[in-house]
Enquirer: 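What follows is a structure written as structure tokens; I'll ask about it next.
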Amino acid sequence: MAEEESYHPAVDLDETVHQRVRLGVLAILVEADRANFTYLRDSLEVTDGNLSAHLNVLVNAGLVQLDKRFVEGRPRTWVRATPKGRTTFRAEVEALDRLVSRYRASAKA
Amino acid sequence: MQASESDRLLGTTRAAGRRTRSILAANSFPMILFGLLALGSAAVAEAWPGPAVAVWWLVGAPLASLATALWYRSREMEHGVAANAWPFIATGIGIIVGATTLGFLGRDGALGYAGPLFVIGLGYLVFAWLERSVPAAAMAIGVLVTAIVLALLRPAHAYTIGVVVFGAGSVLVGVMSLVKERRIDG
């Protein structure tokens, strides 16, 4: 009982993905099989450099993988979520849900 | 503070996922194309009873499938986002093989028209589930019910009735999707 009371859902948050752009990238890639750099940049309203930095973090954590190809002579970077990325995303959304539910319950009380 | 920030984060995350899902749920082209193919087959069946309708489908279905694959490919290039094609390809092959087999095995009875229609309804139910499309699911259930009713009542022109229900339903769902796609594509 005491253990249950001392538990706070914030401990389940993942520091790598608890960030608007990185979580947004995973949200898109969980729905789609793959998305290209331009789609991610425009959907998340970030600059090229900003998105590149966040993708590097996700790649280094093994949550996404990049696939660089030439299409009609131009380089295109496609991004896919790894199985670990999908699992991490779902766990993060569940943790956020628990945190928000707890906040709302305490605000009502 | 952390909870309200989390609330905002959840909101923006879900919005990004929803927008992507809407783009990927586009199905106007295949719905309208296969709907028109079905309506065309009804006309062929009425004008030239016999094997002409089988030829219609054996030529038309693969061509329409190829056109559909090219349409999805062009959308992928245009939007920069794509779904996993394999579940759709497997379902499409399942429909073509299942409908052809049942149509051939039951060519002299109710199985010959109700069987393929039932397989098409099941296949479209899978498509609806993959795309999370309520109109496509409703249309698929309508096709399944029609197949069962036709098998039980065995009316005259049963094949024509079945494909007209399927074709009209498919065109209607396709037009609804087209309106939605135009709104999303801006």
Enquirer: If hydrophobic clusters are built by linking Ile, Leu, Val, Met, Phe, Trp and Tyr wherever their side-chain heavy atoms come under 4.5 Å apart, do Leu125(B) and Phe118(B) end up in the same one?
Expert: yes
Enquirer: Check this for me: Arg86(A), atom CZ, are more than 12 non-hydrogen atoms of other residues, nucleotides or ligands nearer than 6.0 Å?
Expert: yes
Enquirer: Going hydrophobic residue to hydrophobic residue with side-chain gaps under 4.5 angstrom, can you get from Leu51(A) over to Leu29(A)?
Expert: yes
Enquirer: Can you tell me how far apart CD (Glu76(B)) and OH (Tyr39(A)) are? Round to the nearest 0.5 Å.
Expert: 12.5 Å
Enquirer: Please step through side chain to side chain contact (heavy atoms under 4.5 Å, CB included) for the pair Arg34(A) and Val81(B), ending with a clear verdict.
Expert: CA-CA 6 Å; Arg34(A) 59 195 177 278; Val81(B) 63; over 6 Å; no
Enquirer: Hey, can you pull the donor-acceptor pairs under 3.5 Å for the side chains in residues 156-168 of chain B, sequence neighbours left out?
Expert:
residue, atom, partner, partner atom, Å
His157(B), ND1, Glu46(B), OE1, 3.2
His157(B), ND1, Glu46(B), OE2, 3.0
Tyr159(B), OH, Ser41(B), OG, 2.7
Tyr159(B), OH, Trp57(B), NE1, 2.7
Thr160(B), OG1, Glu46(B), OE2, 2.4

Enquirer: Considering only heavy atoms, which portion of Asp97(A) lies under 4.5 Å from any heavy atom of chain B: side chain, backbone, both, or neither?
Expert: both
Enquirer: In terms of heavy-atom pairs under 4.5 Å with chain B, which of Glu92(A), Glu31(A), Arg76(A), Gln19(A) leads?
Expert: Glu31(A)
Enquirer: Search all heavy atoms of Ala16(B) against all heavy atoms of Gly24(A) and return the closest pair with its distance.
Expert: CB-O, 4.4 Å
Enquirer: Pairing donors with acceptors under 3.5 angstrom, does anything connect the side chains of Arg19(B) and Ser43(A)?
Expert: yes
Enquirer: If you apply the rule side chain to side chain contact (heavy atoms under 4.5 Å, CB included), what do you find for Asp33(A) with Trp86(B), and how did you get there?
Expert: CA-CA 10 Å; Asp33(A) 179 57; Trp86(B) 288 109; over 6 Å; no
Enquirer: Assess whether atom CD of Glu78(B) is packed by more than 12 heavy atoms of other residues, nucleotides or ligands within 6.0 Å.
Expert: yes
Enquirer: Answer with side chain, backbone, both or neither: which region of Arg14(B) has an atom nearer than 4.5 Å to a non-hydrogen atom of chain A?
Expert: side chain
Enquirer: When rounded to the nearest 0.5 angstrom, what is the spacing between CG in Leu23(A) and CG in Leu10(B)?
Expert: 7.5 Å
Enquirer: Anything in residues 21-36 of chain B with a heavy-atom distance to chain A below 4.5 Å? Please list those residues in order.
Expert: Arg21(B), Ile23(B), Leu24(B)
Enquirer: Which bit of Ala83(B) is near chain A, if near means a heavy-atom gap under 4.5 Å: side chain, backbone, both or neither?
Expert: backbone
Enquirer: Assigning hydrophobic clusters by single linkage (Ile, Leu, Val, Met, Phe, Trp, Tyr; side-chain heavy-atom cutoff under 4.5 Å), is Met139(B) placed with Val171(B)?
Expert: no
Enquirer: Write down the atom of Ala32(A), the atom of Ala82(B), and the distance for their closest heavy-atom approach.
Expert: CB-O, 3.5 Å
Enquirer: Considering only heavy atoms from C-beta outward, does the side chain of Leu9(B) approach that of His18(A) to under 4.5 Å?
Expert: yes
Enquirer: About how many Å separate CZ of Phe89(A) and OG1 of Thr13(B), when rounded to the nearest 0.5 Å?
Expert: 6.0 Å
Enquirer: Answer yes if Leu153(B) and Val145(B) sit in the same cluster of Ile, Leu, Val, Met, Phe, Trp and Tyr residues linked by side chain heavy atoms under 4.5 Å apart, and no otherwise.
Expert: yes
Enquirer: Kindly work out whether a path of hydrophobic side-chain contacts (I/L/V/M/F/W/Y, heavy atoms less than 4.5 Å apart) joins Val30(A) to Leu66(A).
Expert: yes
